[in-house]
There are 2 protein chains.
Amino acid sequence: MNDKVKAFEGRCRKAGLKLTHQRLEIYRELASTYDHPAADDVYKRVQKRMPTISLDTVYRTLLTFEQFGLAARVHAFDDRARFDANVSPHQHLACTRCKSIQDFRWEAFEQMESPVEVRKWGQVKSKHVVFKGICSECLRKERKHAT
Amino acid sequence: MNDKVKAFEGRCRKAGLKLTHQRLEIYRELASTYDHPAADDVYKRVQKRMPTISLDTVYRTLLTFEQFGLAARVHAFDDRARFDANVSPHQHLACTRCKSIQDFRWEAFEQMESPVEVRKWGQVKSKHVVFKGICSECLRKERKHAT
DNA sequence: CTAGTTGCAAATCCTTTGCGCCAGT
DNA sequence: ACTGGCGCAAAGGATTTGCAACTAG
């Protein structure tokens, strides 16, 4: 965790981004969780330690992180954006019931060659898979209710 | 095209959905294009032939189509939802510059077995790939400006 | 010092909703 | 006729923006 923050500080300096308390706290929060929080969630959590932070700073900061490759935006559901400090290649599992999002690696996919249409289409920057369905937790709850 | 509409009518009857002019026009519009319009685009286009239609009817109708499997919502960008009358398996190419979205088939991917983590995660309903990058059209324009 | 950042409040954009009237079956 | 669907207007929610005050480098 502290390594992540150290790396983050270095990346900020290199990019010419000022290391403000807000950015540090927001990054720390994002890097310490695997649940892909929405901007609002990040705001609420950071607010506990830094009561004066404002929601728009969180939005602005997350946008900055995204632009500098320090965090990624996840488009699993369309109601609100979700964020991820994990910027190395990985794929997502998204539960349509509880809206949870989980990372997983899929090297067979990541190393697969893209079809010709894709190469002809233009300059690809990223490829990403999303599986949707119902997570086992939600399935369990459902069975209980059905009983 | 007319086949699509005929099929659509059959599917509506079977599902107990009333075949209103609005639904027919919205479906016709969506099925006649490959550009994955947003609700607002559909509204503007349908409005030309049906000036009294309202935007919220378009939203409601697209939602209904989605729920009954008559159309699909595409989550490529997070600003607004995009829709697709193509509900058979296919993947997407999305240009971050012009926001265009293109379909393509990728059978090697579609037939690939999912990793264990996925099967353990829960009950998967769909899997979908999005490639992001810059389409050749945008690249061409960029080169022109750079000259 | 000074440019980049923040906090506040207001604005904007997309999408949804309540309700009375209308239309498809 | 009955019920679902429509149009209108207004609400709701997420995200962005203008601006003055502040702060990291």
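What you see is a predicted model, and the numbers here were worked out from it, not measured in a lab. In what follows, every chain begins at residue 1, and chains take the letters A, B, ... in the order their sequences are listed.
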Practice task
Report yes or no: do A:Thr64 and A:Thr61 form a side-chain donor-acceptor pair below 3.5 Å?
Solution key: no

Problem - Donor-acceptor under 3.5 Å (B:Ser32 side chain, B:Glu29 main chain) - result: yes

Handout entry: Salt-bridge present (B:Lys127, B:Glu110; N to O < 4.0 Å)
Key = no

Exercise for the section: Please check if the side chain of B:Arg23 supplies one atom and the backbone of B:Lys18 the other of a donor-acceptor pair under 3.5 Å. Expected result: yes

Completion exercise
Rounded to whole Å, the CG-C1' distance (A:Leu24 to C:dG4) equals 17 Å

Problem - SB check B:Glu25 B:Arg28 (cutoff 4.0 Å) - result: yes

Completion exercise
chain A vs DNA chain D, heavy-atom contacts under 4.0 Å, first-to-last nucleotide span, 5' to 3', is D:dA14 to D:dG25

Handout entry: For A:Asp41, the option from A:Arg82, A:Lys99, A:Arg80 that meets salt bridge (charged side-chain N to carboxylate O under 4.0 Å, His left out)
Key = A:Arg80

Problem - Check: B:Arg119 side chain, B:Ser114 main-chain N or O, donor-acceptor pair, under 3.5 Å - result: yes

Exercise for the section: On the 0 to 90° scale, with breaks at 30° and 60°, tag the B:Phe8-B:Tyr27 ring pair as parallel, tilted or perpendicular. Expected result: parallel

Exercise for the section: Measure from NZ or CZ of B:Lys125 to the centre of the six-membered ring of A:Phe131, then state whether that distance is under 6.0 Å and the direction lies within 45° of the axis. Expected result: no

Exercise for the section: Using heavy atoms and a sub-4.0 Å distance, could you list which residues of residues 2-21 of chain A are near DNA chain C? By number, please. Expected result: A:Leu17, A:Lys18, A:Thr20

Practice task
Summarise protein proximity over nucleotides 8-18 of chain C in one line of letters, 5' to 3': B for base, S for sugar-phosphate only, - for none, counting protein heavy atoms closer than 4.0 Å.
Solution key: BB----SBBBB

